[in-house]
Amino acid sequence: MNFANSIVIAAILTSILTSRSSCHKSCSRNAGLMKSIQYQLKLVEDNDGKCDCPSTPSFGKVGFLVYNSKELKNIGGGSIVVYDTVTTNIGGGYDKSTGIFTAPAEGLYYFDWTVLTNSGKSFYTQLNLNNTVVAKNHAGASGMSTPMPSSQSVVLQMKKNDKVSIRIYSGGLFMYGNRWSTFSGFKI
């Protein structure tokens, strides 16, 4: 329905609700409804018929699941692990070019990440919230003859635009790709 149609409907409702002098009680009950309709139409008029809602509502769903398409080797300490393949990105918070999740809305979030490293290798990571270390993940298979998985999870209260990333804190020697090592999160 466009703005012109809204005005016509409001005029018709106004005429109906106010012209019936024989039912005073009905008109007084409808006065509140009429005021509400007039207020809503004023909002539409003030915004030239455009919605002023945020593009990502704070009550909307937010969640992502990412992984690497190939293995990572010899990544330096402090580097962000950039997961290049996105399976799910509801709310658009994960940026696969930077490896950073940016909270599209304030709220309580759950994150987890799993690393699978090769035998004799390691891939030590940490989850950072706005460049502050929150938790670490120790995937170390030194002296082992089989690959070693390691997982970690956290729950964080986040503000809109807070940033979360997985970084190497040391030993970024080898991490399996192809869905073996993942990073995910969602708003609770």
Side-chain angles (χ1 to χ4, degrees), residues 47 50-188:
N47 290 316
K50 296 177 187 156
C51 178
D52 62 353
C53 302
S55 60
T56 305
S58 61
F59 54 87
K61 293 181 180 181
V62 177
F64 72 96
L65 170 62
V66 295
Y67 67 92
N68 279 316
S69 58
K70 57 186 184 250
E71 59 205 28
L72 298 179
K73 296 179 184 178
N74 302 319
I75 308 295
S79 298
I80 294 175
V81 179
V82 179
Y83 297 85
D84 64 359
T85 306
V86 175
T87 300
T88 303
N89 195 13
I90 298 169
Y94 182 78
D95 183 344
K96 74 177 190 174
S97 67
T98 64
I100 297 173
F101 171 78
T102 303
E106 183 174 339
L108 189 63
Y109 288 80
Y110 173 86
F111 297 96
D112 66 56
W113 76 106
T114 299
V115 173
L116 179 63
T117 191
N118 206 358
S119 59
K121 303 289 183 185
S122 61
F123 205 86
Y124 305 134
T125 56
Q126 62 193 29
L127 183 136
N128 284 27
L129 171 62
N130 298 328
N131 297 316
T132 300
V133 177
V134 175
K136 295 181 179 182
N137 189 346
H138 183 273
S142 299
M144 299 181 79
S145 59
T146 61
M148 173 64 135
S150 183
S151 295
Q152 180 65 281
S153 60
V154 298
V155 175
L156 296 172
Q157 179 64 40
M158 296 179 71
K159 296 176 186 164
K160 183 177 180 176
N161 296 321
D162 276 352
K163 299 184 181 320
V164 167
S165 61
I166 303 298
R167 294 180 184 254
I168 305 298
Y169 71 88
S170 70
L173 299 178
F174 185 92
M175 181 177 86
Y176 279 99
N178 194 23
R179 296 180 181 86
W180 289 105
S181 302
T182 62
F183 176 35
S184 65
F186 57 89
K187 185 173 180 240
I188 297 173

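Predicted model only: the values in this text are computed from it and were never measured.
Taken to the nearest 0.5 Å, the OG1 atom of T146 stands 9.5 Å off from the CG atom of N118. Interatomic distance, F123 CZ to I168 CD1, rounded to the nearest 0.5 Å: 3.5 Å. In this structure, N128 CG and S165 OG are separated by 5.0 Å, a value rounded to the nearest 0.5 Å. We find the OG1-CG distance between T114 and N137 to be 7.5 Å, quoted to the nearest 0.5 Å. Residue F111 holds its CZ atom at 4.5 Å from CE of M158, rounded to the nearest 0.5 Å.
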Practice prompt. Start with the C-alpha distance between T102 and D95, add both sets of side-chain angles, then the distance that settles side chain to side chain contact (heavy atoms under 4.5 Å, CB included), and finish with yes or no.
Written response: CA-CA 8 Å; T102 303; D95 183 344; over 6 Å; no
Fill in: Audit row: Q152, T125, side chain to side chain contact (heavy atoms under 4.5 Å, CB included) steps and yes/no
CA-CA 10 Å; Q152 180 65 281; T125 56; over 6 Å; no
Worksheet item: Could you walk me through whether T182 and L65 pass the side chain to side chain contact (heavy atoms under 4.5 Å, CB included) check?
Response: CA-CA 7 Å; T182 62; L65 170 62; 4.1 Å; yes
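Looking at heavy atoms from C-beta onward, F186 lies out of side-chain contact with I90 at the 4.5 angstrom threshold. For the pair L156 and L127, the minimum side-chain heavy-atom distance is below 4.5 Å. Proximity of R167 to N131: side-chain heavy atoms (C-beta onward) are separated by under 4.5 Å at one or more points. Under the 4.5 Å side-chain criterion, counting only non-hydrogen atoms from C-beta, Q157 is in contact with E106. Side chains of M175 and I75 form no contact here, defined as non-hydrogen atoms less than 4.5 Å apart. Counting only heavy atoms from C-beta outward, the side chains of D84 and K96 never approach each other to under 4.5 Å.
Residue A139 comes nearest to M148 through the heavy atom pair CB-O, 4.3 Å, listed as atom of the first residue, atom of the second, then distance. Residues I80 and T98 come closest through the heavy atom pair CG2-O, 3.4 Å. In plain terms, the two heavy atoms of S122 and G140 that are nearest each other are CB-CA, 4.0 Å. Of all the heavy atoms in A103 and K159, the pair that sits closest is CB-O, 3.6 Å. Nearest heavy-atom pair, L116 versus P147, reported as atom, atom and distance to 0.1 Å: CD1-CB, 3.8 Å. The shortest heavy-atom contact between K121 and L173 is CD-CB, 4.3 Å.
Between the side chain of N68 and the main chain of S181, no donor-acceptor pair closer than 3.5 Å is present.
Sorted by first and then second residue, the ring pair (Phe, Tyr, Trp, His ring centres under 6.0 Å) pairs with a member in residues 78-99 read F64-Y94, Y83-F183; sequence neighbours excluded.
With no hydrogens or angles considered, no side-chain donor-acceptor pair links T132 and N130 at under 3.5 Å. Looking only at atom types and distance, the side chain of S184 has a donor-acceptor partner in the side chain of D112 under 3.5 Å away.
Ring planes of H138 and Y124: parallel class, angle under 30° (limits at 30 and 60°). Relative orientation of the Y176 and F174 rings is perpendicular, given thresholds of 30° and 60° on the angle between their planes.
Annotation: salt bridge (charged side-chain N to carboxylate O under 4.0 Å, His left out) contacts of K73 (sequence neighbours excluded): E71.
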